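Note: hydrogens, waters and symmetry copies are ignored here, and every other heavy atom, side chains too, is used. Every number for a ligand or one of its atoms is a count from 1 in the order of the listing. In this chain, numbering begins with 1 at the start of the sequence shown. Note that the structure is predicted; figures quoted are calculated from it, not measured.
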Amino acid sequence: MEQISRREFTKRTAAAGLAAALSSTRILGANDRIRVGFIGVGNRGDQVLDGFLAQKDADVVAVCDLWQPYLDFASKKIGTSPQQFKDYRKLLDMKDLDAVAVCTPDHWHALQMIHACQAGKDVYVEKPLALRVAEGRRMVEAAHKYKRVTQVGLMRRSGPKLKEAAEFLRGGGIGKITAIRSFDIQNEWPNGLGNPPNGEPPDGLDWEAWLGPAPKVPYNINRTFYRFRWFYDYSGGQITNFGTHYLDFSHWLLGHDAPLSVTAIGGKYAVEDNREIPDTAEVIWAYPGNTLITFAQINANGAPPAPRDCNMEIRGTKGTYYMNWNGYEVVPDPVSGMDFPALSPLDRAANDWRKSHKAVIEPRKIEEDDATPQHARNFLDCVRSRETCNCDIETGHRSTVATLIADIALKTQMHLQWDSEAERFTNSEVANRHLNYHYRLPYKLPEV
Ligand SMILES: NC(=O)c1ccc[n+]([C@@H]2O[C@H](COP(=O)([O-])OP(=O)(O)OC[C@H]3O[C@@H](n4cnc5c(N)ncnc54)[C@H](O)[C@@H]3O)[C@@H](O)[C@H]2O)c1
């Protein structure tokens, strides 16, 4: 078991090019088992691990985390004494490893994913893909350059019923979709995460390694396990955490993968803890084809959005699609046309026509289980076939970008115009400066 030192990181990163040149991709025979390593086995890593352990043709042979109790928990669950690491580059040095799953906090995704590509591993990487747009683009380039199979952890893409739903919606199932509203609603008032003081990290936690490329700050428990998502150095907050799922589903059903513009407003209005991200925010994206998408973050009140408890509300001219985590309900809209003041026979006729006009689509209701195991299955199938996964790196990047630029709109309080080809804003150089950030030395976003 090893700790990582910054000096060691520089030395080993300098050797990464050589390692990449030496690494070879194992050619998998039909009967070969796929050997997988996990980087990050906390909350999500544990769920994704379950998804991989459910597959009959793969073995999880190595686990890496900075926190020994999580390593031990994962090893016990796997049951076949996987190799344990604290330095992910040692795990990547394993020549007989075919693939890795990266389930660390967002600020580590780019480095670990690109290094994995350079080491000849296929990569399953959690969403949001990256902390900044430029990192995500570099990850796409790395996957292409090193010919890696990639899957981004937007697992709904592998849910068969949600696939059917996306096709139904894209095919005009609820008419023309003009508005999609999505939500993160929970009451965290008044204390939220609390206000713990800075202090010393617990024994065995390498705080320096946890920070990695992020700015050096004193240890605070709220910046670590799970809670990091309320701090901008490691996460885009709930807009990227939940928003990436919603924007990804929106992209899928609209057939568009980038907004034309975005604006956002919000702040810490009620919750009194040491989080950085707002407890209250509203984002609006404009999409090609005249669809507005919104994301509402309401963390000081927990009442579900009326009229149904849902995460997404997709409004078409013929009906509404209410989506929960895995299920959905389509509710036909019976109203067609306007209700006129019935002053003339012409208006009365128009009203009569409207009243006689019933819903033109059928209601439907579907529940689906969490699709993480199917997402892992799809990844492993593609590792064998070298085909493109259901949520490959470019797809995951574009869904992540929509939310990363929303955070920039929130920080700059602007209505930003987005050029999705150039991946730059066309009306603000200030906003463009947020597309990348300087890694803390000696960390460096790898050239590919
Ligand atoms: N797809 C989904 O529905 C879903 C759900 C939850 C979380 N996520 C994503 O999963 C990622 C992890 O979130 P989480 O909730 O599991 O956080 P977590 O804090 O519970 O787990 C992260 C783990 O990574 C480890 N880690 C940190 N730096 C490391 C490094 N350099 N090397 C090795 N291990 C390191 C930590 O010790 C921790 O155990 C985030 O990107 C999050 O957005 C996705």
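For atom 41 (O) of ligand 1, the candidate residues are Asp87, Val48, Asp106; the nearest heavy-atom contact is made by Asp106. Between the choices Ala130, Gly42, Pro105, the shortest heavy-atom distance to atom 24 (O) of ligand 1 belongs to Pro105. For atom 15 (O) of ligand 1, the nearest non-hydrogen atom from the set Asp206, Val41, Asn43 comes from Asn43.
Numbered from 1 in the order shown, with element, the atoms of ligand 1 that lie under 4.0 Å from a heavy atom of Pro128 read 43 (O). Atoms of ligand 1 found under 4.0 Å from any heavy atom of Gln112, numbered from 1 in the order shown, are 30 (C), 31 (N), 32 (N). Every atom of ligand 1 with a heavy atom of Met155 under 4.0 Å away is listed here by number and element: 1 (N), 3 (O). Short contacts between ligand 1 and Trp210, defined as distances under 4.0 Å to a heavy atom of the residue, involve ligand atoms 27 (C), 36 (C). Taking every heavy atom of His245 and a limit of under 4.0 angstrom, the matching atoms of ligand 1 come to 1 (N), 2 (C), 3 (O). Each of the atoms 28 (N), 31 (N) of ligand 1 lies under 4.0 Å from some heavy atom of Trp108. Which parts of ligand 1 touch Gly153 is read off a 4.0 Å heavy-atom cut-off, strictly below it: atoms 1 (N).
At a heavy-atom distance under 4.0 Å, only side-chain atoms of Asn241, from C-beta outward, approach ligand 1. Residue contacts with ligand 1, taken as heavy atom pairs separated by less than 4.0 Å, involve Cys103 solely via the backbone atoms N, CA, C and O. Both the backbone and the side chain of Lys127 come within 4.0 Å of ligand 1, judged by heavy-atom distances. Heavy atoms from both the backbone and the side chain of Arg44 come within less than 4.0 Å of ligand 1.
Relative to the ring axis of Tyr322, Arg308 places its NZ or CZ within 45° and under 6.0 Å from the centre. For the pair Arg181 and Phe183, the cation does not sit on the ring face, since its NZ or CZ is not both under 6.0 Å from the ring centre and inside 45° of the axis. Under the 6.0 Å distance and 45° angle rule, Arg275 does not count as a cation-pi partner of Tyr232.
Using a non-hydrogen distance threshold of 4.0 Å, Tyr70 registers as a contact of ligand 1. The shortest separation from a heavy atom of Arg227 to ligand 1 is not under 4.0 Å, leaving the residue out of contact. The shell of residues lying under 4.0 angstrom from ligand 1, judged by heavy atoms, includes Arg229.
Between the Tyr88 side chain and the Cys64 main chain, no donor and acceptor come within less than 3.5 Å of each other. For Thr244 (side chain) and Asn241 (main-chain N/O), no donor-acceptor pair under 3.5 Å exists by modelled atom type.
Between Tyr328 and Tyr321, the ring-plane angle classifies as parallel under the 30° and 60° cut-offs.
At least one N or O atom of Tyr226, backbone or side chain, sits closer than 3.5 Å to an N or O atom of ligand 1. Some N or O of His109 is nearer than 3.5 Å to an N or O of ligand 1, by distance alone. Annotation: Tyr88 places no N or O atom under 3.5 Å from an N or O atom of ligand 1; distance criterion only.
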Can you give the donor-acceptor pairs under 3.5 Å from side chains of residues 196-204 to other protein atoms, not counting sequence neighbours?
| from | atom 1 | to | atom 2 | distance (Å) |
| --- | --- | --- | --- | --- |
| Asn198 | OD1 | Asn220 | ND2 | 2.9 |

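Residues Tyr443 and Trp108 bring their aromatic ring centres within 6.0 Å.
Under 3.5 Å, the side chains of Thr372 and Arg44 contain a donor-acceptor pair of N or O atoms. Defined by atom type and a distance below 3.5 Å, a donor-acceptor pair is present between the side-chain atoms of Asn222 and Asn274.
Each side chain to side chain donor-acceptor pair (under 3.5 Å) pair with one or both residues in residues 249-259, not counting sequence neighbours, appears once here: His251-Tyr287, Asp257-Arg398.
Between Thr80 and Asp59 there is no side-chain heavy-atom pair separated by less than 4.5 Å.
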